[in-house]
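We're numbering straight along the sequence, starting at 1. This is a predicted model, so every value here is computed, not measured. Basis for what follows: all heavy atoms, side chains included, without hydrogens, waters or symmetry-related copies.
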Amino acid sequence: MAARPRYRPWFRKPRAGRSIPAMRRGRGLVLSALLGVGLALLVIAALDNALRPMVTTLAQAKTENVVTGIINDAVMETLSAEAVAYQDLVTLERDSSGQVTLLSTNSAKLNALRTQILQTVLEKVDALNGEDLGIPLGSITGLATASDWGPDLPVQVLATATPTAEFRNVFTSEGINQTLHQVMLDVQVKITLLIPGGKTDTQVNAEVCVAETLLLGQVPDTYLELPAAGS
């Protein structure tokens with residue numbers, strides 16, 4: 001009985017029903033698919049790099065609007081609840097002719113007011129955690145008419161640092177021998193946001209008038225300063 005011929009190791013017989021050209025076409029399709037996926041990823045990366053700054057700016061602007069509203073509400077609520085008036089915070093001393101000679105502030109009252117306002121701000125901003133502050137997709141086009149179009153891009157508050165605030169005096173001339181005195185509260189809130197593609201940190205700065213009055217006559221050259229933060 002004759003022995004069966006042996007195939008050489010380097011020779012492979014194509015499988016039945018599958019020719020070498022068909023195998024090459026299959027490999028070509030795989031390579032084309034991989035190339036298409038690679039190009040798609042490059043396009044996505046390019047779009048992400050181009051749009052991320054705009055999305056970040058829009059997210060920060062949206063957050064600033066929301067938090068500024070919270071700060072204004074917190075100040076108004078606190079002033080209303082405490083029934084605070086200008087004379088509760090500022091004392092004016094006048095001479096015999098009615099001219100203001102000294103302007104002093106009630107540091108204890110101002111510090112207590114600041115603490116209460118900041119506590120309210122912190123509670124309300126913390127309540128935003130997990131809430132979607134989405135921005136419409138059409139707003140990234142820069143077109144005013146398309147600013148409300150399309151689905152919302154998700155924007156969420158992840159964390160909030162303890163807000164800080166400082167009082168300051170503002171004197172504004174309101175006419176002949178008249179000066180508007182305002183006690184302003186400058187509030188800063190640092191927030192971490194989750195936006196499409198990652199996280200971003202932002203700080204919201206807001207100034208709110210706590211009390212004001214119109215002073216008649218010359219404003220004194222010296223007056224007692226407002227309390228600093230934490231004093």
Side-chain angles (χ1 to χ4, degrees), residues 57 60-129 133 157 159-193 200-231:
T57 300
Q60 291 172 338
K62 178 65 175 290
T63 304
E64 181 176 355
N65 289 338
V66 173
V67 175
T68 298
I70 287 176
I71 293 171
N72 287 327
D73 290 344
V75 172
M76 294 302 103
E77 289 175 9
T78 303
L79 294 178
S80 177
E82 298 295 323
V84 177
Y86 177 87
Q87 56 269 23
D88 298 322
L89 305 177
V90 182
T91 300
L92 301 176
E93 294 185 13
R94 303 178 184 271
D95 59 17
S96 57
S97 63
Q99 295 290 323
V100 177
T101 58
L102 179 65
L103 184 154
S104 61
T105 58
N106 186 334
S107 296
K109 184 70 174 178
L110 286 171
N111 279 326
L113 192 63
R114 173 171 51 201
T115 299
Q116 188 170 351
I117 290 172
L118 291 181
Q119 181 62 34
T120 303
V121 170
L122 182 59
E123 291 174 355
K124 293 194 173 193
V125 174
D126 278 345
L128 295 176
N129 286 348
L133 304 179
V157 176
T160 308
T162 302
T164 59
E166 291 185 358
F167 287 105
R168 61 185 171 92
N169 285 305
V170 176
F171 295 95
T172 307
S173 176
E174 290 294 314
I176 300 176
N177 217 28
Q178 294 183 351
T179 301
L180 177 66
H181 175 221
Q182 294 175 304
V183 179
M184 304 296 294
L185 182 65
D186 297 329
V187 184
Q188 301 83 38
V189 184
K190 294 182 179 180
I191 298 175
T192 299
L193 300 175
T200 185
D201 294 326
T202 187
Q203 176 172 303
V204 178
N205 301 308
E207 58 178 28
V208 186
C209 181
V210 174
E212 65 180 12
T213 194
L214 189 63
L215 303 176
L216 301 179
Q218 296 294 323
V219 176
D221 294 331
T222 59
Y223 50 87
L224 298 185
E225 292 291 343
L226 295 167
S231 63

Between CG of Leu118 and CG of Leu185, what distance do you get to the nearest 0.5 Å? 7.0 Å
Test Val210 against Arg114 for side chain to side chain contact (heavy atoms under 4.5 Å, CB included), laying out the working first. CA-CA 10 Å; Val210 174; Arg114 173 171 51 201; over 6 Å; no
Of Leu122, Asn205, Thr162, Val67, the residue whose pairing with Val189 passes side-chain contact (heavy atoms from CB on, under 4.5 Å): Val67
Does the side chain of Ile71 come within less than 4.5 Å of Val208's, by heavy atoms? yes
Parallel, tilted or perpendicular: ring planes of His181 versus Tyr86, cut at 30 and 60 degrees: perpendicular
Under 3.5 Å donor-acceptor, Asp88 side chain and Ala85 backbone: yes
Step by step, work out the side chain to side chain contact (heavy atoms under 4.5 Å, CB included) result for Val204 and Thr68. CA-CA 7 Å; Val204 178; Thr68 298; 3.8 Å; yes
Spatial distance of atom CZ (Arg94) from atom CG (Leu103) [nearest 0.5 Å]: 9.5 Å
Is the shortest side-chain heavy-atom distance between Asp201 and Ile191 below 4.5 Å? no
Check against side chain to side chain contact (heavy atoms under 4.5 Å, CB included), Leu193 and Val157: CA-CA 5 Å; Leu193 300 175; Val157 176; 3.9 Å; yes
Listed by chain and number, what are the side chain to side chain donor-acceptor pair (under 3.5 Å) partners of Asp186, not counting sequence neighbours? Arg168
Nearest 0.5 Å, please: how far is OG1 in Thr202 from NZ in Lys62? 14.0 Å
Could you go through Gln60 and Glu64, starting from their C-alpha distance and side-chain angles, then the distance that decides it, and tell me whether this counts as side-chain hydrogen bond (donor to acceptor under 3.5 Å, both in side chains)? CA-CA 6 Å; Gln60 291 172 338; Glu64 181 176 355; over 6 Å; no
Using a 4.5 Å cut-off on heavy atoms from C-beta on, say whether the side chain of Val66 contacts that of Val125. no
Return the CD to CD distance between Gln182 and Glu207, rounded to the nearest 0.5 Å. 9.0 Å
Looking at OG1 of Thr179 and CG of Leu214, how far apart are the two atoms once the value is rounded to the nearest 0.5 Å? 7.5 Å
Nearest heavy-atom contact between Leu89 and Ala211 is CD1-CB, 3.9 Å
How far does CE of Met184 sit from CD of Glu212, to the nearest 0.5 angstrom? 8.5 Å
Check: Thr213 and Gln87 side chains under 4.5 Å, non-hydrogen atoms: no
